[in-house]
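The sequence lines fix the lettering, A, B, ..., with proteins before strands; numbering per chain opens at 1. Scope of the values below: all heavy atoms of this structure, side chains included, with no hydrogens, waters or symmetry mates.
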There are 4 protein chains.
Amino acid sequence: MAGIPRKVPEQRRQDLVLAAFELLAEKGFEGLRTRDVAARAGVNIATLHYYFPTKEALIGGVVEHVMTRFRSTLEPHGSPDRQLRNHLRAVRKLMREEPEVGAVMGELALRSARDPAIASLVRSTQETWHQVVRGLLRRAAKEGHIQPDLDSDAAAAMVLATLTAMTLPLQAAPHHELALRQLERWLGL
Amino acid sequence: MAGIPRKVPEQRRQDLVLAAFELLAEKGFEGLRTRDVAARAGVNIATLHYYFPTKEALIGGVVEHVMTRFRSTLEPHGSPDRQLRNHLRAVRKLMREEPEVGAVMGELALRSARDPAIASLVRSTQETWHQVVRGLLRRAAKEGHIQPDLDSDAAAAMVLATLTAMTLPLQAAPHHELALRQLERWLGL
Amino acid sequence: MAGIPRKVPEQRRQDLVLAAFELLAEKGFEGLRTRDVAARAGVNIATLHYYFPTKEALIGGVVEHVMTRFRSTLEPHGSPDRQLRNHLRAVRKLMREEPEVGAVMGELALRSARDPAIASLVRSTQETWHQVVRGLLRRAAKEGHIQPDLDSDAAAAMVLATLTAMTLPLQAAPHHELALRQLERWLGL
Amino acid sequence: MAGIPRKVPEQRRQDLVLAAFELLAEKGFEGLRTRDVAARAGVNIATLHYYFPTKEALIGGVVEHVMTRFRSTLEPHGSPDRQLRNHLRAVRKLMREEPEVGAVMGELALRSARDPAIASLVRSTQETWHQVVRGLLRRAAKEGHIQPDLDSDAAAAMVLATLTAMTLPLQAAPHHELALRQLERWLGL
DNA sequence: AATGAATGAGAGTTCATTCAT
DNA sequence: AATGAATGAACTCTCATTCAT
């Protein structure tokens with residue numbers, strides 16, 4: 001009398017978030033339909049609303065997922081200059097292997113102009129990111145790995161700008177590799 | 001007995017494009033409604049369809065408008081290094097004074113991942129832009145205004161990446177000024 | 001200083017009626033659009049409404065046209081039996097050479113169930129037609145050309161039914177020729 | 001606390017088809033509106049689209065219904081001549097008691113000139129009908145119930161033509177009874 | 001925990017008609 | 001006599017959400 005094994009509720013939630021994440025990357029907010037999400041997760045539309053009362057709540061889950069995914073590119077290993085290089089590479093790798101993350105981040109970036117909740121989340125992420133990179137630049141300069149007279153604040157801003165542009169679709173920001181190489185060169189990495 | 005003065009047709013078209021442009025900047029593709037566009041332009045929804053058979057056609061008009069607007073930042077005046085500096089400043093000014101242009105360009109960038117028509121337009125715009133900037137960098141280097149050993153191709157890619165990031169909402173790309181200042185510094189402008 | 005020669009108003013009206021007639025045959029009432037009619041007649045939609053205040057009025061013109069066209073199959077030549085045979089042949093010829101007439105008559109037949117104006121017109125046409133055919137049958141019988149014991153009323157009803165079925169599209173009433181041949185045989189023509 | 005009792009889904013479908021059938025008979029394709037259908041079936045317009053994705057699909061349901069209804073006039077009971085007579089009477093009865101069937105069949109006949117799907121359906125129905133009637137005529141002749149020298153093919157064509165005309169509104173094909181009586185007389189039924 | 005059925009509000013688009021010239 | 005521009009009303013279809021089970 002076992003029947004189809006029920007999934008643990010937490011797993012269901014995760015399935016739905018993942019389905020929404022993928023569809024958001026594919027179709028954008030413009031084309032995101034709760035019915036499609038439910039279908040991709042293999043459940044009824046009413047079940048989706050059982051786990052997420054509104055579409056907005058579901059999107060919240062996706063945001064969380066993406067932010068977690070992105071934070072993984074900032075894991076501290078080795079000296080500051082190595083950490084910096086690793087970060088650049090990790091971002092490049094993430095964009096190549098999981099372009100969905102970039103796509104969704106782009107969507108969130110645009111939406112932050114209209115959605116206060118997303119805005120504050122995006123802003124705080126950027127701020128944290130900025131501080132981490134600036135700190136790495138400062139320590140790298142102090143330890144003599146990169147040019148010492150660098151304005152770490154401004155340089156960090158440029159690093160973020162360049163990496164942020166890379167989350168956009170290829171058409172909108174081609175020459176990823178060239179830009180990154182030039183960035184490393186200027187930083188002296 | 002004058003009645004309401006009729007507008008010149010070309011003016012009506014322009015009004016509609018402008019209304020669509022503003023609403024696209026405000027709400028994104030996700031929230032763009034033809035009825036709202038018509039209302040903002042002060043005409044009946046059927047009148048909108050008299051000028052633009054489909055929503056897609058209207059969006060085409062908006063794209064044209066934005067591209068024209070953006071191209072205005074690339075006007076050739078003076079030496080290559082001055083042109084470069086002017087371009088950077090013009091973009092900064094445009095984003096400050098007409099953030100809608102940036103917002104819409106961001107929307108187009110994201111949409112280019114799904115819409116072939118927009119994709120090719122965005123791509124060709126980027127390509128032209130890249131070539132112009134690279135040409136300016138080359139001539140500026142040759143004339144001794146900036147460092148001569150610069151890889152003009154890679155540097156152009158970085159310029160574009162930085163400027164492209166600036167079209168995103170402030171939350172998603174803060175520290176515009178810092179980034180731009182650093183860019184000028186590195187270029188030696 | 002001649003310019004494009006203006007058409008006589010009556011000609012314009014006729015052009016519009018003809019265009020409407022053709023389009024009604026092609027698309028049916030379901031697909032009849034005043035704009036298409038105007039376009040086919042080569043005039044502006046507002047011009048159409050100058051000649052025909054409403055779509056209904058235009059349709060009235062078409063009805064008139066079709067009835068005239070159909071009445072042409074009932075021209076008296078020769079003896080009653082010859083007239084009968086000629087009538088059958090004229091209908092057959094009309095349906096072959098101008099199937100639009102049949103198509104439009106079919107449309108009118110159906111519409112007569114909802115449109116009192118058309119209903120009375122269709123009814124009176126049928127009544128006249130019935131009387132003519134019955135009269136011919138009677139005289140033909142009296143003159144010994146066809147079987148004398150024929151119920152001219154019932155036979156006329158059958159003639160009309162058969163010919164009416166022939167105005168329907170081929171799919172709905174195939175074997176025209178067979179049916180007509182049998183009719184002639186039974187009538188002894 | 002019973003609330004409004006839910007209908008069985010199949011019943012809902014049938015209700016919708018029936019509503020569409022009635023409205024199609026009343027207003028024709030020209031005047032058939034999905035909202036009216038939903039209203040007559042007592043459901044929201046969105047519910048209609050839950051059962052039938054498109055208007056076309058709903059019409060498909062109506063076609064099926066009508067064909068089933070019409071086929072019921074061709075039930076084999078008794079000798080060939082009795083079957084023939086019964087068929088004629090069943091059609092007459094159907095047209096009298098459910099004129100909607102005739103109206104809808106007329107609509108389908110006209111539409112078959114434009115709609116390939118309906119065309120093939122109408123054509124195959126006619127072909128089957130023709131063969132059945134021809135077969136009955138042959139066997140009736142062989143068994144000596146009707147005149148033996150009858151061209152069964154041509155006679156079948158005439159039977160169909162007459163009966164088809166009877167599906168049209170009364171205005172367009174009056175004297176049903178007379179025509180049918182004459183048909184029986186000629187066939188010797 | 002999960003679902004099929006149902007819905008209100010609203011989307012883009014169409015159409016006969018009218019208005020000002 | 002003729003037109004381009006404009007419109008109100010209505011059309012089919014969609015979507016996030018809810019209800020009864």
Check: Backbone N or O of B:E64 within a donor-acceptor pair of the B:T68 side chain at under 3.5 Å?
Finding: yes
Next item on the list: Specify the residue among A:R33 and C:N44 whose closest nucleotide of DNA chain F lies further upstream toward the 5′ end.
Entry: C:N44
Notebook entry, point to check: For the side chain of C:A46, counting heavy atoms from C-beta on, which of F:dT3, E:dT7, E:dT3 is nearest?
Noted result: F:dT3
Item checked: Nucleotide F:dT12, atom P - distance to CG of D:D36 in whole Å -> 8 Å
Check: Which dot-bracket string describes DNA chain E (Watson-Crick N1-N3 plus N6-O4 or O6-N4, or G-U N1-O2 and O6-N3, all under 3.5 Å; [ ] crossing; | other strand)?
Finding: .||||||||||||||||||||
Next item on the list: Have a look at C:R35 and say if it touches a base, only the backbone sugar-phosphate, or nothing, with a 4.0 Å heavy-atom cut-off.
Entry: base
Next item on the list: Quick one: closest heavy-atom pair of C:M67 and C:V122, and the distance?
Entry: CE-CG2, 4.4 Å
Next item on the list: Measure from the side chain of B:H49, starting at C-beta and using heavy atoms only, and say which of E:dA5, E:dA2, E:dT14 lies closest.
Entry: E:dT14
Notebook entry, point to check: What's the CD-P distance between C:Q11 and F:dA2, to the nearest Å?
Noted result: 12 Å
Check: With a distance cut-off below 6.0 Å to the six-membered ring centre and an angular limit of 45° from the axis, does B:R12 pair with B:Y51 as a cation-pi contact?
Finding: no
Notebook entry, point to check: What nucleotide among F:dT3, E:dT13, F:dA6 has an atom nearest to a side-chain atom of C:T47?
Noted result: F:dT3
Checklist line | D:I45 side chain, from C-beta outward: closest of E:dA9, F:dT7, F:dA16 | finding: E:dA9
Next item on the list: Between E:dA11, F:dA6, F:dT7, spot the one nearest the side chain of B:R12, thanks.
Entry: F:dA6
Check: What is the minimum heavy-atom distance between B:S112 and B:A119, and which atoms define it?
Finding: O-CB, 3.2 Å
Check: Shortest non-hydrogen contact from B:A172 to A:A109?
Finding: CB-CB, 3.4 Å
Check: How is C:L48 classified with respect to the nucleic acid when contacts are heavy atoms under 4.0 Å: base, sugar-phosphate, or nothing?
Finding: nothing
Notebook entry, point to check: Closest to the B:Y51 side chain: F:dT12, E:dG8, F:dA6?
Noted result: F:dA6
Next item on the list: Using atom CG of C:L16 as one end and atom C1' of E:dA16 as the other, report the distance to the nearest whole Å.
Entry: 15 Å
Item checked: Nucleotide F:dC13, atom P - distance to NZ of B:K55 in whole Å -> 19 Å
Note to self: Tell me the interatomic distance from B:R13, atom CZ, to F:dA5, atom P, rounded to whole angstroms.
What the structure shows: 11 Å
Checklist line | First of B:F52 and A:G42 reached from the 5' end of DNA chain E, by closest nucleotide | finding: A:G42
Item checked: Per D:T54 side chain, nearest of listed nucleotides F:dC11, F:dC13, F:dT17 -> F:dC13
Next item on the list: From the options F:dT7, E:dA1, E:dA5, select the nucleotide whose nearest atom is closest to the side chain of A:Y50.
Entry: E:dA1
Checklist line | Side-chain ion pair, B:R111 and B:E30, N-O less than 4.0 Å | finding: no
Note to self: Using a 3.5 Å distance criterion without hydrogens, assess whether the side chain of B:K27 forms a donor-acceptor pair with backbone atoms of B:E22.
What the structure shows: no
Check: Base, sugar-phosphate alone, or nothing: which one does B:L32 contact when heavy atoms must sit under 4.0 Å apart?
Finding: sugar-phosphate
Check: Got A:E26 and B:R114 here, is their nearest side-chain heavy-atom distance under 4.5 Å?
Finding: no
